[in-house]
Amino acid sequence: TECQIKIQVTDMVVEAMINDNGKGSSEISPGFGLKHMRERVIEHGGRIVFEGMPDTGFIVKASFPLKEIRWQIGGGQ
């Protein structure tokens, strides 16, 4: 019935945590949604963790590194 989302951004990383107040589980067996969520995060160089505890809900933690982009103006070699 409730969900909390926290996002933290530093110079090096973006971290997101989503947790709910559902039933939770000590055993997580990823289905279609969690597997594809993991694939998308890894594609972008990130990491993701799924946590569940009985009667305390489910947590998804993801982090993505921030990359510095260097721009070059003009056609200099």
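The figures that follow rest on heavy atoms only: side chains count, while hydrogens, waters and symmetry mates do not.
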Item to check | Worked verdict on Glu51 versus Lys61 for salt bridge (Lys or Arg N to Asp or Glu O under 4.0 Å) | outcome: CA-CA 8 Å; Glu51 298 177 6; Lys61 296 178 184 177; 3.3 Å; yes
Checklist entry - Please walk me through it: do Ile18 and Cys3 pass side-chain contact (heavy atoms from CB on, under 4.5 Å)? => result CA-CA 7 Å; Ile18 304 166; Cys3 176; 3.7 Å; yes
Checklist entry - Yes or no on side-chain contact (heavy atoms from CB on, under 4.5 Å) for Met17 and Ile59, after CA distance, side-chain angles and deciding distance? => result CA-CA 7 Å; Met17 184 173 78; Ile59 301 171; 3.8 Å; yes
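What you find for Gly45 and Pro65 is that their closest heavy atoms are O-CD, 3.1 Å.
Taking hydrophobic clusters as Ile, Leu, Val, Met, Phe, Trp and Tyr residues chained together by side-chain heavy-atom distances below 4.5 Å, Leu66 shares a cluster with Ile7. Ile48 and Leu34 fall within a single hydrophobic cluster, where Ile, Leu, Val, Met, Phe, Trp and Tyr side chains are chained together by heavy-atom contacts under 4.5 Å. Met37 and Phe64 fall within the same hydrophobic cluster, where Ile, Leu, Val, Met, Phe, Trp and Tyr residues are linked whenever their side-chain heavy atoms come under 4.5 Å apart, directly or through other members.
Looking only at distances, a side-chain donor or acceptor of Asn21 sits under 3.5 Å from a matching main-chain atom of Thr1. Side-chain atoms of Asp20 come within 3.5 Å of backbone N or O of Phe58 as a donor-acceptor pair.
A salt bridge (Lys or Arg N to Asp or Glu O under 4.0 Å) check over residues 28-42, counting only residues at least two apart or in different chains, returns the pairs Arg40-Glu43.
Atom-to-atom distance recorded for Glu15:CD and Ser63:OG is 5.5 Å, nearest 0.5 angstrom.
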